[in-house]
Amino acid sequence: MSRKVDSVKDINDSKETWRLAVRIMDVWSVVNNKGIEHLEMIVMDSLGDWIQVLIRHDHLLKWKEVIKENMTCIINNGSVYNNDFQWKVCDHSKKIVFLGGTTMKAIKLQNIPPKGYFFKDFGEILQGKCKTDRLEDIIGAVSEINHIQSNTPGKKVVVSVVLKDLKGNCINCNLWEIYGSKILAYYNDPKNNEAIVILLTHAMVKDGQVSNAWNYKLLINEDIPEIQDFMSKLPTNEQKEKPTQSAKSLSNWSGGSQYSPVERFVHNAKCMSLSQFCKIKHETLCVTVATTLKFAVSKYGWFYYGCTRCSSKAPNPEKAYECSCGQKVEQPIPR
């Protein structure tokens, strides 16, 4: 007679003869600074409870080719310790460590929920309602690429983007190395001219912004329910709008040197109508195409110095003043 299946929430260090029926939600490899590799994974039972699992280096060869993401299985036996991982993927206070006597059998288990994600609310991130040692799943639309650090001697590639949720909350997201290169390659592909929705797993959250951990995945506009559902809930006009690229990020763009100044300026710039152009409220990179009807030339030439908020003319282009709109103008700007 087979042993009774235990619930993940009941796991404690009182014994090692646990029997679990679970789905492997995610699995990843970790290599320490000595080059020694081990496996970590997160498993979920039929009640939706999660626990992290460690497979040490000495058991790596036995399990590395057997364990597959999203498989369901029966796991027998394992040591239980306090969950002392530096970065935790779940809230369970314990972790399981495979033993020499641990067994695992792949089996179809229909009662275990499918692989899914638990997205961290942007509002909670902005309010600091995050555990400092917890890795989170994140989903959002890229509204702007605001910084690019090139791969140069002594520096690694990092791309900073602004992510926006469906409530309009925005957070900064830093994508390092291959993940930064991946988002840039997608953005620079001329075939991709629509909104960009990204899904990050196991992202580190700190000081109101997120960045990729070593064990995370970056999905860009993938054909999966979570991304497609998010995309469908964006306003119709935003679904077809490519993210903007700030002037700051353009100046740091490593590919710019092979283009002329004009080509650099219009590279991946958002094309706007004049009505959209006039509504811009922050620095952005965009182009518009229009016909010149006439030059309105006064004795001051074809431009004037005015307020930094409205279109009013400054009384003196070289002096600070307070505009009739209430704006305190330190330095009038040409208009």
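Throughout, numbering of the chain's residues begins at 1 and tracks the sequence. Fair warning: this is a prediction, and the values are worked out from it, not measured in the lab.
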Between [Y] and [X], is there a salt bridge with N-O shorter than 4.0 Å?
| X | Y | result |
| --- | --- | --- |
| Asp121 | Lys129 | no |
| Asp45 | Arg23 | no |
| Lys164 | Glu238 | yes |
| Lys94 | Asp13 | yes |

Going by atom type alone, with no hydrogens or angles, which donor-acceptor pairs under 3.5 Å involve a side-chain atom of residues 56-65 and a protein atom two or more places apart or on another chain?
{"unit_1": "His57", "atom_1": "ND1", "unit_2": "Glu37", "atom_2": "O", "d": "3.1"}
{"unit_1": "Lys64", "atom_1": "NZ", "unit_2": "Glu37", "atom_2": "OE1", "d": "3.3"}
{"unit_1": "Lys64", "atom_1": "NZ", "unit_2": "Glu37", "atom_2": "OE2", "d": "2.9"}

Between [X] and [Y], do the side chains contain an N or O donor and an N or O acceptor separated by less than 3.5 Å?
| X | Y | result |
| --- | --- | --- |
| Tyr186 | Asn221 | yes |
| Ser160 | Asn174 | yes |
| Asn192 | Lys242 | no |

Q) Do you know which two heavy atoms are closest between Ile24 and Ile67, and how far apart they sit? A)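 The answer is CD1-CG2, 3.5 Å.
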
Q. How far apart are the closest heavy atoms of Leu200 and Leu163, and which atoms are they?
A. CD1-CD1, 4.3 Å

(Q) Suppose the criterion is salt bridge (charged side-chain N to carboxylate O under 4.0 Å, His left out): which pairs have a residue in residues 75-89, not counting sequence neighbours? (A) Asp84-Lys95, Lys88-Asp133

Q. Do the non-hydrogen side-chain atoms of His202 and Val89 ever get within less than 4.5 Å of each other?
A. yes

Q: State, yes or no, whether a side-chain contact exists between Glu136 and Val210 at a heavy-atom distance under 4.5 Å.
A: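 SC-SC contact between Glu136 and Val210 ruled out.
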
(Q) How long is the straight-line distance from CG of Asn316 back to NZ of Lys319, given to the nearest 0.5 Å? (A) 5.5 Å

(Q) Please check: side-chain N/O of Arg309 versus main-chain N/O of Gly326, any donor-acceptor pairing under 3.5 Å? (A)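 Between the backbone of Gly326 and the side chain of Arg309 there is no qualifying donor-acceptor contact (under 3.5 Å).
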
Q) Is Lys182 reaching over with its side chain to a backbone N or O of Leu218, donor-acceptor style, under 3.5 angstrom? A)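 Looks like yes, one N/O pair under 3.5 Å.
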
Show me, pair by pair, the donor-acceptor contacts under 3.5 angstrom made by side chains of residues 101-116, not counting sequence neighbours?
{"unit_1": "Thr102", "atom_1": "OG1", "unit_2": "Asn77", "atom_2": "O", "d": "2.9"}
{"unit_1": "Thr102", "atom_1": "OG1", "unit_2": "Leu99", "atom_2": "N", "d": "2.7"}
{"unit_1": "Thr102", "atom_1": "OG1", "unit_2": "Leu99", "atom_2": "O", "d": "3.4"}
{"unit_1": "Thr103", "atom_1": "OG1", "unit_2": "Asn76", "atom_2": "ND2", "d": "3.3"}
{"unit_1": "Lys115", "atom_1": "NZ", "unit_2": "Met25", "atom_2": "O", "d": "2.5"}
{"unit_1": "Lys115", "atom_1": "NZ", "unit_2": "Glu69", "atom_2": "OE2", "d": "3.4"}

(Q) Which Ile, Leu, Val, Met, Phe, Trp or Tyr residues join Leu54 in one cluster when any pair of side-chain heavy atoms under 4.5 Å counts as a link? (A) Tyr81, Phe85, Val97

Q | Under 4.5 Å side-chain linkage, directly or through intermediates, the cluster mates of Val158 | A |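 Besides Val158, the cluster holds Trp176.
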
Do [X] and [Y] belong to the same hydrophobic cluster, where Ile, Leu, Val, Met, Phe, Trp and Tyr are linked whenever their side-chain heavy atoms lie under 4.5 Å apart, directly or via other members?
| X | Y | value |
| --- | --- | --- |
| Ile74 | Trp50 | yes |
| Ile196 | Tyr179 | yes |
| Val142 | Val205 | yes |

Q.
Suppose we screen for side-chain contact (heavy atoms from CB on, under 4.5 Å). Which residues come up paired with Asp10, at least two apart in sequence or across chains?
A.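 Per chain and number, Asp10 pairs via side-chain contact (heavy atoms from CB on, under 4.5 Å) with Ser7.
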
